[in-house]
**Q** 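Here you go, one structure.
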Amino acid sequence: MSSRILIVEDEPSMRMGLTDNLAFEGYEVDSAGDGELGLDLALKNTYDLIVLDIMLPKKSGFDVCKGIRQVDKQTPILMLSAKGEEIDKVLGLELGADDYMTKPFGLRELLARIKAILRRTQKSEPVAAPNLSVFSVGPLTVNFDAYTAQVEGKDVKLSHRAYEILQYLIDHRNEVVSRDDLLRAVWGYDQTPTTRTVDNFIVKLRQLVEENPADPRRIVTVHGVGYKLIMTE
């Protein structure tokens, strides 16, 4: 069965071009030209991926992303924006987006990213250690089968990307992993984002696993290399 994708983009030519190209690739595509309709479609239907512009009429892409994540923390979201400021990327990721592209972009790169996201999120088995799907890191407990997370018994929301970064760190616990290792393993395509993107996710994960995120003891920085997740067996 083909993957179903929602495109939320207000520019008619861009929306039509994306719809036609994705349909040509074999995807089932719905589209919306404003944020209100996009959020309504996202909450009423089931999608394998949402491609979401930031600058939208009626409701911004940030507000749409936030509204989706309040009820759905699993559907991957790829945000699009004509802005290139780092603060927009950080805000999108903090609100629960899984990836970010700045316009103008090449169609081939967009398709590669979409395929990579769908390849990751549609795996029949989670990338977890054999017969183990539940792990605790400090106060955070994660179930990689159900994609649920709790801190001291209270539910918290993580994006797919955050789950995958944490899974990679767990799989390589007590080992030093570089930022490039994380980019290749988690993003999975040739043109990766900057290592700063990894740092932003690590900051968010530290808020959940560390008693004092400013003085991390579990996800520690190995200067000049990357990170190490310290776990006792």
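Below, all heavy atoms of this structure are taken into account, side chains as well, without hydrogens, waters or symmetry copies. Heads up: numbering here begins at 1 and tracks the sequence. Since we're looking at a predicted model, the values are computed, not measured.
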**Q** Is Asp34 salt-bridged to Lys59, cutoff N-O under 4.0 Å?
**A**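 No, this pair does not count.
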**Q** Side-chain contact, heavy-atom cut-off 4.5 Å: Leu37 with Val8?
**A**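 A side-chain contact is absent here, since even the closest heavy-atom pair is not under 4.5 Å.
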**Q** Could you tell me if the side chain of Val142 sits less than 4.5 Å from the side chain of Phe144, heavy atoms only?
**A**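 They are in side-chain contact.
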**Q** Going only through I, L, V, M, F, W and Y residues with side-chain contacts under 4.5 Å, is there a path from Met14 to Ile5?
**A**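 Looking at the clustering, Ile5 is in the same group as Met14.
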**Q** Flag the pair Leu205 / Ile219 as yes when at least one side-chain heavy-atom distance between them is below 4.5 Å, and no otherwise.
**A**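 The answer is yes, as the side chains (C-beta and beyond) meet within the 4.5 Å cut-off.
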**Q** Are any of the side-chain nitrogens in Arg217 or Asp215 under 4.0 Å away from the carboxylate oxygens of its partner?
**A**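 The answer is yes: the pair qualifies as a salt bridge.
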**Q** Kindly write out the residues that satisfy side-chain contact (heavy atoms from CB on, under 4.5 Å) with Ser136, not counting sequence neighbours, or none if the list is empty.
**A**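 For Ser136 the side-chain contact (heavy atoms from CB on, under 4.5 Å) partners, ignoring immediate neighbours, are Thr141.
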**Q** Does any part of the side chain of Leu229, heavy atoms only, come nearer than 4.5 Å to the side chain of Val209, both counted from C-beta?
**A**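 In short, these two side chains do not touch, never coming nearer than 4.5 Å.
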**Q** Tell me the closest heavy-atom pair linking Pro216 and Pro213, and the distance in Å.
**A**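 Result for this residue pair: CD-O, 3.4 Å.
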**Q** With a 3.5 Å distance limit and no angle check, can you tell me whether Asp72 reaches the backbone of Ile68 through a side-chain donor-acceptor pair?
**A**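 Judged by distance alone, no pair lies under 3.5 Å.
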**Q** Taking side chain as C-beta onward, heavy atoms only, is Leu140 less than 4.5 Å from Gln150?
**A**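 No, every pair of side-chain atoms sits at 4.5 Å or beyond.
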**Q** Could you tell me if the side chain of Thr19 sits less than 4.5 Å from the side chain of Met16, heavy atoms only?
**A**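 A side-chain contact under 4.5 Å is absent here.
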**Q** Considering residues at least two apart in sequence or located in another chain, which fulfil the side-chain hydrogen bond (donor to acceptor under 3.5 Å, both in side chains) criterion with Ser13?
**A**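 Applying side-chain hydrogen bond (donor to acceptor under 3.5 Å, both in side chains) to Ser13 gives Glu11.
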**Q** Only counting residues at least two apart or in another chain, list the ones meeting side-chain contact (heavy atoms from CB on, under 4.5 Å) with Glu28.
**A**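 Checked Glu28 against side-chain contact (heavy atoms from CB on, under 4.5 Å); matches are Ser2, Arg4.
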**Q** Would you give the length of the straight line joining atom CZ of Arg206 to atom CG of Asp199, rounded to the nearest 0.5 angstrom?
**A**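 It comes to 8.5 Å.
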**Q** Report the residues that fulfil side-chain contact (heavy atoms from CB on, under 4.5 Å) with Pro76, sequence neighbours left out, ordered by chain and then residue number.
**A**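 side-chain contact (heavy atoms from CB on, under 4.5 Å) check on Pro76 returns Leu49, Asp98, Ile117, Thr121, His160.
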**Q** Closest approach of Cys65 and Ala97, non-hydrogen atoms and distance?
**A**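 Cys65 and Ala97 have their closest heavy atoms at SG-N, 3.8 Å.
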**Q** Once rounded to the nearest 0.5 Å, what's the spacing between atom CG of Asp99 and atom CG of Leu110?
**A**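 Interatomic distance, Asp99 CG to Leu110 CG, rounded to 0.5 Å: 10.0 Å.
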**Q** Is it the case that one hydrophobic cluster holds both Phe24 and Ile7, taking links as side-chain heavy atoms less than 4.5 Å apart, direct or via other members?
**A**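 No, no single cluster joins them.
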**Q** Could you tell me if the side chain of Ile202 sits less than 4.5 Å from the side chain of Leu169, heavy atoms only?
**A**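 When only atoms from C-beta onward are counted, Ile202 and Leu169 do touch, with a gap below 4.5 Å.
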**Q** Kindly compute the distance separating NZ (Lys103) from CD1 (Ile54), expressed to the nearest 0.5 Å.
**A**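 If I round to the nearest 0.5 Å, the distance is 9.0 Å.
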**Q** Tell me whether Met231 shares a hydrophobic cluster with Tyr163, the cluster being built from Ile, Leu, Val, Met, Phe, Trp, Tyr side chains joined at under 4.5 Å.
**A**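 Yes.
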**Q** Please enumerate all residues that pass salt bridge (Lys or Arg N to Asp or Glu O under 4.0 Å) together with Lys115, with sequence neighbours excluded.
**A**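 Lys115 satisfies salt bridge (Lys or Arg N to Asp or Glu O under 4.0 Å) with Glu25 only.
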**Q** Can you tell me how far the CD atom of Glu109 sits from the CD1 atom of Ile114, to the nearest 0.5 Å?
**A**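 Between atom CD of Glu109 and atom CD1 of Ile114 there are 11.0 Å.
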**Q** For residues Phe135 and Ile230: do they belong to one hydrophobic cluster (side chain heavy atoms under 4.5 Å, members Ile, Leu, Val, Met, Phe, Trp, Tyr)?
**A**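 No; tracing contacts between hydrophobic side chains, which count when under 4.5 Å, never links both residues.
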**Q** For Asp10, which residues count as a side-chain contact (heavy atoms from CB on, under 4.5 Å) partner, sequence neighbours excluded?
**A**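 Asp53, Leu56, Pro57.
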**Q** Please assess Leu182 against Arg179 for the test side chain to side chain contact (heavy atoms under 4.5 Å, CB included), listing each intermediate value before the final yes or no.
**A** CA-CA 5 Å; Leu182 283 165; Arg179 293 173 176 85; 5.6 Å; no
**Q** Name all residues meeting the side-chain hydrogen bond (donor to acceptor under 3.5 Å, both in side chains) criterion together with Asp63; count only those two or more places apart in sequence or in a different chain, and write none if there are none.
**A**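 Testing Asp63 for side-chain hydrogen bond (donor to acceptor under 3.5 Å, both in side chains), a comparison that skips the adjacent residues, returns Ser60.
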**Q** My understanding is that only residues two or more places apart in sequence, or in another chain, count here; which of them pass side-chain hydrogen bond (donor to acceptor under 3.5 Å, both in side chains) with Glu211?
**A**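 In terms of side-chain hydrogen bond (donor to acceptor under 3.5 Å, both in side chains), with neighbours along the sequence ignored, Glu211 is linked to Arg218.
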**Q** Determine whether the side chains of Thr75 and Arg69 contain a donor N or O and an acceptor N or O closer than 3.5 Å.
**A**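 The answer is no; no qualifying pair exists.
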**Q** Identify, with sequence neighbours excluded, every residue that meets ring-ring contact (aromatic ring centres under 6.0 Å, His included) alongside Tyr227.
**A**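 With neighbours one apart ignored, the set is empty.
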**Q** Would you say the side chain of Leu6 lies within less than 4.5 Å of the side chain of Ser31, judging by non-hydrogen atoms?
**A**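 In short, these two side chains do not touch, never coming nearer than 4.5 Å.
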**Q** Around atom NZ of Lys66, are there more than 12 heavy atoms of other residues, nucleotides or ligands at under 6.0 Å?
**A**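 12 or below, so no.
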**Q** Take Asp155 and Thr148, measure what side chain to side chain contact (heavy atoms under 4.5 Å, CB included) needs, and give me the verdict at the end.
**A** CA-CA 8 Å; Asp155 291 339; Thr148 59; 6.0 Å; no
**Q** Restricting to salt bridge (Lys or Arg N to Asp or Glu O under 4.0 Å), what partner residues turn up for Asp181, sequence neighbours left out?
**A**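 With neighbours one apart ignored, the set is Arg184.
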**Q** Running the 4.5 Å side-chain criterion over Ile, Leu, Val, Met, Phe, Trp and Tyr, what cluster does Val203 land in, apart from itself?
**A**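 When side chains under 4.5 Å apart are linked, Val203 ends up in no cluster with other residues.
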**Q** Where is the tightest heavy-atom contact between Phe201 and Ala162, given as atom of each residue plus distance?
**A**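 Heavy-atom minimum between the residues: CE2-N, 4.0 Å.
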**Q** Honestly curious: do Val176 and Ile165 fall in one hydrophobic cluster under the side-chain, below-4.5 Å linking rule?
**A**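 No.
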**Q** How close do Leu39 and Gly67 get, heavy atom to heavy atom, and via which atoms?
**A**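 Shortest heavy-atom contact: CD1-C, 3.9 Å.
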**Q** If you count every heavy atom of other residues, nucleotides or ligands that lies below 6.0 Å from Lys58 atom NZ, does the total exceed 12?
**A**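 Open.
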**Q** Applying side-chain hydrogen bond (donor to acceptor under 3.5 Å, both in side chains), can you list everything that pairs with Tyr27, at least two apart in sequence or on another chain?
**A**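 Partners of Tyr27 under the side-chain hydrogen bond (donor to acceptor under 3.5 Å, both in side chains) test: none.
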**Q** Report the distance from atom CD of Glu152 to atom CG of Leu208, rounding to the nearest 0.5 Å.
**A**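 One finds 11.0 Å between CD of Glu152 and CG of Leu208.
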**Q** Rounded to the nearest 0.5 Å, how far does CZ of Phe62 lie from OG of Ser81?
**A**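 Interatomic distance, Ser81 OG to Phe62 CZ, rounded to 0.5 Å: 6.5 Å.
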**Q** Mind listing the closest non-hydrogen atom pair of Lys157 and Val71 along with its distance?
**A**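 Of all heavy-atom pairs spanning Lys157 and Val71, the closest is NZ-N, 4.1 Å.
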**Q** If you apply the rule side chain to side chain contact (heavy atoms under 4.5 Å, CB included), what do you find for Ser3 with Tyr47, and how did you get there?
**A** CA-CA 8 Å; Ser3 298; Tyr47 294 100; over 6 Å; no
**Q** Counting distance only, does the side-chain N/O of Arg113 pair as donor-acceptor with the main-chain N or O of Tyr100 below 3.5 Å?
**A**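 Yes: the side chain of Arg113 pairs with the backbone of Tyr100.
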